[in-house]
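Step one of this worksheet: look at the structure below.
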Amino acid sequence: QDKGTVYYMVPTLLDEFQTTSVDAIESFFKDVGYEVVTLNADNKTDVQQSQMADTILLKPAAIVLAAVDFNALTPSIEEARAAGIPVMQFDRQITSTVSDLTSVAGTIEIGHVAADEIKRLLTEKKGAVSGKILQVLGDPGDPYTLDIQKGFEEMMDGTDVEIITHPAMQWEASNAGSIVADELLATPDIDLIFVHAAHLAVAAVASLEAAGKQPGDVMLVSSNGAPVGLDLIRQGWEQVEVEQPLFAQAAALAMFADKVVNGEEIAPGTYDVLGLESVVTIEDWGPNIKIPGAAITAGNVDDSRFWGNLQAPSDPISPVE
Amino acid sequence: MTPARRRTFEFLLDNLVWLMLITVLVIFSLTIPHYFQFGIFANILEQSTYVGVMAIGLAIVIIAGHLDLSVESTAALAAMVTGLLFASSGIGLGLSLGPPIVMIPVSMAIAVAVGVVIGFINGFFVIKVGMSAFIVTLASFIWVRGLVVAISGGRSAQSLDSAIRIIGVERIFGIPLLAWISMLCFVVFSFIMAKTPFGRYVTLVGGNETATYRAGIAAPKILWSSFILAGALAGLAGWLLAIRTSGATANLGTGMLFNAFAAVVIGGVSLKGGIGKLPGVYAGVLLIYSIHTAINLMRLPAHWTQVILGLLVLAAVLLDTLKLRLREKLL
Amino acid sequence: MTPARRRTFEFLLDNLVWLMLITVLVIFSLTIPHYFQFGIFANILEQSTYVGVMAIGLAIVIIAGHLDLSVESTAALAAMVTGLLFASSGIGLGLSLGPPIVMIPVSMAIAVAVGVVIGFINGFFVIKVGMSAFIVTLASFIWVRGLVVAISGGRSAQSLDSAIRIIGVERIFGIPLLAWISMLCFVVFSFIMAKTPFGRYVTLVGGNETATYRAGIAAPKILWSSFILAGALAGLAGWLLAIRTSGATANLGTGMLFNAFAAVVIGGVSLKGGIGKLPGVYAGVLLIYSIHTAINLMRLPAHWTQVILGLLVLAAVLLDTLKLRLREKLL
Amino acid sequence: MTEPLLSLSAITRNYGAVQALRGIDMDVRAGEVVALLGDNGAGKSTLVKIISGGLKPTSGSIRFDGQERHFTDPSEAKAAGIETVYQDLSLCLNVDVVANFFMGREITRKVCGIPILQEKEMERVTGKAISDAGTRIPSLRTNVEHLSGGQRQAIELNRFVHFGGKLVLLDEPFAALGVEQTARGLKMIRDVAARGVGVIVITHIMAQAFQVADRIVVIRHGRVAGDIETAKTTPDHAVELITGGTLSLAGRDTAKLDHIPVQQEED
Amino acid sequence: MTEPLLSLSAITRNYGAVQALRGIDMDVRAGEVVALLGDNGAGKSTLVKIISGGLKPTSGSIRFDGQERHFTDPSEAKAAGIETVYQDLSLCLNVDVVANFFMGREITRKVCGIPILQEKEMERVTGKAISDAGTRIPSLRTNVEHLSGGQRQAIELNRFVHFGGKLVLLDEPFAALGVEQTARGLKMIRDVAARGVGVIVITHIMAQAFQVADRIVVIRHGRVAGDIETAKTTPDHAVELITGGTLSLAGRDTAKLDHIPVQQEED
Ligand SMILES: Nc1ncnc2c1ncn2[C@@H]1O[C@H](COP(=O)(O)OP(=O)(O)OP(=O)(O)O)[C@@H](O)[C@H]1O
Ligand SMILES: Nc1ncnc2c1ncn2[C@@H]1O[C@H](COP(=O)(O)OP(=O)(O)OP(=O)(O)O)[C@@H](O)[C@H]1O
Ligand SMILES: [Mg+2]
Ligand SMILES: [Mg+2]
């Protein structure tokens with residue numbers, strides 16, 4: 001059946017999470033009867049604003065927004081909703097205005113999960129939560145990486161760990177590689193490296209390798225769960241990848257799409273999204289569905305539910321009754 | 001060729017960019033569903049505002065024989081300062097200055113002042129120290145954007161004071177106030193460039209700086225002013241951006257530089273200096289954003305939009321270049 | 001001033017950038033903990049590799065009187081093609097071509113060929129169509145990066161074949177093979193620019209294109225070759241980059257353009273064309289990466305690094321400019 | 001006797017190791033035409049640039065109009081009344097003849113305090129000046145880029161005649177001019193001098209120098225090699241001063257340049 | 001009688017609305033020196049650029065060295081043996097005298113198939129050529145940027161003498177040269193012609209034309225206004241042909257240009 005067109009506003013296609021989200025959203029919404037058109041904002045807030053303005057004139061059934069900047073799109077969201085077009089938030093939570101549905105894992109929560117895993121790894125290796133961690137951020141102008149940093153550091157607070165933080169400008173991999181190469185010389189006793197995206201982990205490993213390290217000499221933790229990260233776990237270079245449940249996040253939006261488009265109420269409670277227990281709450285910014293992220297380790301790396309394995313769920317998504 | 005036909009022809013060539021704009025709009029209207037509606041044209045006008053205002057200053061500096069790569073970052077800094085001071089959530093401080101009627105001029109003055117400072121610094125290095133404008137403004141492009149990240153901590157400011165936001169919300173004849181502001185800027189600066197000694201001197205300096213120096217024209221002053229103007233206009237563009245966004249983000253305006261340069265070149269300004277008129281630049285900006293909007297409506301595969309955009313803009317510049325050839329051939 | 005003293009003085013000024021490099025290294029070694037160690041210097045050499053190779057081509061185009069803003073994107077495309085073909089995970093196809101010894105030259109040839117194609121296209125628009133190099137290569141900067149996104153689907157390739165990776169892992173005298181390659185490139189191209197007719201013609205064309213045209217030098221061919229060379233070297237830089245990161249990501253290399261331009265200018269190449277020598281450019285690259293490394297070791301607040309980098313680079317360029325003044329004053 | 005309009009004493013100028021001027025003393029009176037002669041590279045243009053403020057002397061002093069002056073840029077010299085026509089022309093090729101003619105001296109009218117260019121008026125004045133001088137130019141609105149070498153030089157020449165001043169420096173003003181234009185140019189110089197303006201004119205053609213000048217100053221290797229009233233000398237003597245001997249001698253003696261005794265004649 | 005070296009027929013050239021050349025017929029024989037005279041803007045430089053391949057004629061044909069030729073760029077003309085000294089000089093200011101002298105004709109030696117510049121050899125040759133011509137230049141290794149106007153012109157002039165060819169075009173080659181350099185230059189032209197080279201020289205100075213030329217061709221308003229053997233005419237007559245009447249007449253008649261009857265004389 002054809003229920004109309006949904007526009008997906010993807011913030012950038014320079015990172016694998018976003019790229020895969022395009023495929024996932026397009027296919028899941030197709031399952032529930034919508035055609036999806038994707039517009040790429042190339043990490044530019046003003047471009048995304050223009051795309052919103054133009055899209056509103058096309059009167060789509062709904063807009064799925066993954067905002068370049070978490071809150072700068074507020075006026076555009078308000079305009080769209082005023083024009084009668086429902087807006088759903090994917091992955092990037094906007095709290096400063098009301099949306100029709102928000103589906104997130106939570107960026108700060110990624111930091112929390114990472115911190116827990118890192119504490120575990122340090123304890124296993126040194127018997128206590130202590131040592132030195134090199135944290136490689138993404139671009140310091142990107143709130144996504146800042147939120148992870150915030151979540152991570154608030155959980156590490158009070159422990160006996162020294163955290164050395166550097167930004168990888170523009171999320172560029174070779175910048176991360178240089179940071180690791182230099183810091184290995186300045187602080188030879190680094191225990192663990194925490195990078196904020198898997199593609200940065202690849203460059204970090206290349207630097208470790210060039211410095212003559214073996215897998216496991218310096219532990220490596222990364223976030224977002226991209227395929228390259230999973231490969232590094234299989235190779236033994238990386239210990240933990242904090243994954244965002246991309247498929248479930250996308251599927252949740254598709255499951256509720258009919259309700260959102262038809263303006264029906266979304267009931268709070270616990271739902272099963274692709275086998276993950278997800279909680280819908282009604283917040284100030286509207287209905288919010290939160291799907292927990294997971295820590296990927298060598299033990300569970302081949303689990304097909306991780307988006308990094310790029311095996312989209314075979315069963316079609318069906319709408320929530 | 002008769003003189004009369006030659007004159008018509010000259011006129012058409014001189015205004016080729018407007019012709020191109022009309023042609024492109026007609027083609028898009030006929031081929032792209034939903035393109036032909038008032039709202040889309042109003043959107044194009046609004047979207048052209050920021051780069052339009054920026055492009056005026058850029059064009060002036062280029063006509064004066066230099067260039068300014070920092071306009072984009074300057075606009076971002078001005079937007080961030082505006083957001084920081086006058087937005088109430090995020091990192092915004094939510095300053096309030098009595099009656100709404102003073103908020104607009106005061107916030108605008110602050111944003112423009114930010115631009116003036118950056119333009120002054122660029123001008124200082126180029127004119128007083130004698131460095132190449134390319135490298136000075138490339139460095140500014142980097143450090144000014146860095147400053148945006150630094151003062152914001154990478155975070156954003158939202159909920160700009162509604163007294164200021166009014167500029168972004170109100171419309172006259174269905175066209176947003178924002179767009180009227182950029183049109184006004186084009187009219188004023190077109191006049192200045194064409195009819196006043198300052199405009200004449202900018203053109204002369206861009207043509208042959210030694211000659212103007214020898215003629216007793218204060219070339220350094222003219223050049224410095226053009227950098228300051230470019231900064232001021234970038235500041236104004238930043239203020240408008242902040243209004244549109246109702247705040248500011250650390251990455252606001254990235255990528256505008258390409259559009260501004262493309263518009264300036266499509267508009268017939270020579271990057272060698274000394275040649276160009278501002279109305280053409282406005283047509284160039286409109287042309288660029290007509291293309292942007294078309295791409296939004298065309299349902300292209302998302303991975304290819306950037307390639308297509310780059311190539312379309314290249315094609316537009318190409319046409320402008322072919323104009324010169326045509327003139328040589330036919331006249 | 002005696003002729004002998006004048007000569008020493010001239011020599012020092014001509015090699016000011018090397019002097020600056022040494023001074024900066026000494027200062028950093030004395031003030032920044034951990035800076036003074038062999039590993040750090042080896043790191044600087046290695047990190048200079050990619051921008052260094054890129055900067056050679058850029059410098060040649062600039063000496064020829066034009067410029068190439070697309071080198072960064074071209075390197076990224078070459079890296080992505082290398083990754084796509086020869087990496088085994090991610091989107092890598094994991095091609096294997098028999099014995100390791102053929103993998104290196106074949107993969108390198110492919111990467112260089114990618115660069116040649118982009119350089120050829122840039123050259124076509126600049127030389128055959130007569131468009132400004134600035135706008136042509138700015139457009140390429142956009143659409144080539146777009147192409148990287150398009151062919152990769154925004155995903156990354158990883159685990160480059162170990163037969164190729166060897167270049168990134170092996171060391172001679174403790175210095176990575178990668179760095180040796182860039183040094184070799186500098187030696188070869190310095191020689192070509194200084195001692196062969198091609199190098200001479202590039203300089204002449206950059207000085208006065210009309211004069212060379214009238215003198216019967218095939219200026220268009222020289223110019224086109226310089227664009228192709230710039231592309232080829234960017235392709236080589238991309239190949240090296242892919243080796244370093246053991247694959248490629250869609251945003252690989254972003255930000256390198258600024259470093260390459262800064263290095264070229266610090267190295268004494270005039271953006272007006274016709275003036276510059278390659279060894280100075282290498283010193284410029286080393287200087288830039290000494291600063292980068294210093295910033296990495298200084299543990300500055302993350303938000304301020306970009307501002308500081310921009311200003312430090314500006315300062316380095318400034319010193320180079322003051323050189324000219326000094327020469328005028330003292331000679 | 002009144003003080004000279006311009007008086008140079010001991011002007012020297014080095015370019016790096018090259019000593020272009022090694023101590024020049026010369027005077028120009030109001031209403032007097034001085035021809036400045038000298039071989040290529042003698043330092044004539046350098047001297048002109050120093051007087052017109054475009055170049056600073058390494059040492060020496062300049063008195064102009066009764067005052068010691070140190071011009072730091074051409075606009076100061078211009079303000080003081082010194083007009084210059086440079087050897088390498090100073091035109092903006094990207095604008096038309098009118099804009100070049102009025103460069104820096106545009107006619108404006110204030111409207112609400114904003115100066116507005118009066119294009120019509122400027123075009124009228126330019127047209128008159130150019131046609132008075134007998135210069136043929138296709139259109140006053142063509143860009144100078146499209147004019148021939150001589151047409152360009154004529155614009156500069158007409159400009160100085162029109163705007164006048166107290167002292168006029170002409171660096172090879174006829175080099176590219178046709179026969180008729182040159183004749184007119186020489187007459188213009190006399191007319192201008194008759195208005196009480198001092199004129200320095202540089203030329204390599206003896207006939208021109210002897211036709212127009214009251215006095216001839218010869219510069220050789222950066223020194224004044226002769227300063228004689230025109231009536232008291234002959235072209236052949238002037239050539240001898242310029243080359244430092246007979247024609248055939250010169251050329252091969254580059255190495256001995258510094259040792260040639262320089263003739264110094266005071267008037 | 002043998003065929004002329006160069007033979008132009010009905011050459012016209014328009015720049016937009018401006019008809020710079022309206023049908024030029026002229027011949028140059030091997031070993032002959034032709035002086036091309038004409039007022040400013042007459043079209044002389046345009047004609048030179050057409051012969052040297054830098055500009056395409058709007059119509060007309062060129063025979064050179066026994067063949068009809070259509071040069072599309074200067075390198076073809078150069079390869080065919082046409083050397084040109086342009087009115088606006090063609091030097092690269094960013095390199096030294098030696099590099100300019102050898103521009104496009106560098107001496108190289110192959111080492112493993114790679115051509116290597118022979119700097120020493122080139123410096124020697126340049127030094128000899130320059131000193132033979134009596135030009136004084138501070139150092140062969142200074143950038144041309146630092147040379148005086150006349151020094152620059154001398155380099156171009158020496159270059160053509162050194163490299164020769166079959167036909168030489170000189171567009172106002174002495175405009176900036178000193179007395180002595182000019183005398184030497186005129187002599188060089190005769191020497192070159194004596195080697196069997198055809199020479200076209202443009203000048204505004206009658207004395208120079210009459211001293212060096214075998215034949216004088218006058219161009220007025222883009223047409224050949226006279227083509228006479230030097231021996232059969234006088235400078236005054238030449239000036240009359242150039243200006244189209246007496247000196248005082250011209251100048252105010254810009255509007256009537258097209259109606260002036262053009263004198264046509266065949267030899
Ligand atoms: N910018 C400069 N840098 C270095 N040397 C210079 C510079 N300008 C001139 N010179 C040198 O100074 C000397 C005098 O030059 P100048 O131009 O004054 O000569 P001139 O008398 O005007 O000669 P001409 O008749 O050829 O125009 C020459 O030897 C020239 O090479
Ligand atoms: N590129 C051009 N575009 C338009 N008009 C031109 C161009 N070049 C020359 N002209 C015009 O063509 C005519 C002839 O110019 P040309 O340079 O051949 O004259 P010329 O005889 O060499 O004069 P001169 O003695 O002053 O050098 C002039 O009227 C000039 O204005
Ligand atoms: Mg001179
Ligand atoms: Mg001419």
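This one's a predicted model, so the numbers in the text were calculated from it and none came from an experiment. Lettering of chains follows the sequences in order, A, B, ..., and the numbering in each one begins at 1.
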Which of C:Gly90, C:Gly253, C:Ser246, C:Gly255 touches chain A most, by non-hydrogen pairs under 4.5 Å: C:Gly253

Distance-minimising heavy-atom pair for A:Ser174 and C:Met256: OG-CE, 3.5 Å

Using non-hydrogen atoms only, which part of A:Leu146 is less than 4.5 Å away from chain C: side chain, backbone, both, or neither? side chain

Which bit of A:Ile179 is near chain C, if near means a heavy-atom gap under 4.5 Å: side chain, backbone, both or neither? both

Does any backbone or side-chain atom of A:Gln18 lie under 4.5 Å from a heavy atom of chain C? Answer side chain, backbone, both or neither. neither

Run the numbers on A:Arg234 and C:Ser89 for side chain to side chain contact (heavy atoms under 4.5 Å, CB included), then give the verdict. CA-CA 11 Å; A:Arg234 291 186 188 103; C:Ser89 41; over 6 Å; no

Turns out that what part of C:Leu252 lies under 4.5 Å from chain A's heavy atoms comes down to both

When only pairs under 4.5 Å are counted, which of C:Arg171, C:Arg244, C:His303 shares the most heavy-atom pairs with chain A? C:Arg244

Portion of C:Glu170 that has a non-hydrogen atom of chain A nearer than 4.5 angstrom: neither

Taking the side chain as every heavy atom from C-beta outward, state whether A:Pro227 and C:Gln158 have any pair of such atoms under 4.5 Å apart. no

Working to the nearest 0.5 Å, report the span between CG of C:Asn296 and NE2 of A:His166. 5.5 Å

Heavy-atom distance under 4.5 Å between the side chains of C:His34 and A:Glu183, does that happen here? no

Okay, side chain of A:Asp15, backbone of C:Gly154: is any donor-acceptor separation there less than 3.5 Å? no

Tell me, for A:Ser207 versus chain C, whether the close heavy atoms (under 4.5 Å) come from the side chain, the backbone, both or neither. side chain

Assert top hit (heavy-atom pairs under 4.5 Å, partner chain A, pool C:Leu309, C:Leu160, C:Thr293) equals C:Thr293

Can you tell me how far apart OH (C:Tyr35) and CG (A:Leu185) are? Round to the nearest 0.5 Å. 11.5 Å

Is A:Asp182 in contact with chain C via its backbone, its side chain, both, or neither, using a 4.5 Å heavy-atom distance? both

pair A:Val228-C:Arg155: side-chain heavy atoms closer than 4.5 Å: no

Of all of A:Ala181, A:Gly308, A:Ala226, which one pairs up most often with chain C through heavy atoms under 4.5 Å apart? A:Ala181

Max heavy-atom pair count under 4.5 Å with chain A, selected residue of C:Thr254, C:Ile295, C:Leu241: C:Thr254

Which atoms of A:Leu184 come close to chain C, meaning under 4.5 Å heavy atom to heavy atom: side chain ones, backbone ones, both, or neither? neither

What are the two closest heavy atoms between C:Thr245 and A:Val202, and how far apart are they? O-CG1, 3.2 Å

Can you tell me which of A:Asp231, A:Leu230, A:Thr187 forms the most heavy-atom pairs within a distance under 4.5 Å of chain C? A:Asp231

Between A:Ala186 and C:Gln37, what is the shortest heavy-atom contact and its length? N-NE2, 4.4 Å

Going by the side chain to side chain contact (heavy atoms under 4.5 Å, CB included) test, name the single residue among A:Glu172, A:Glu16, A:His199 that passes it with C:Thr249. A:His199

Part of C:Ser152 lying under 4.5 Å from any heavy atom of chain A: neither

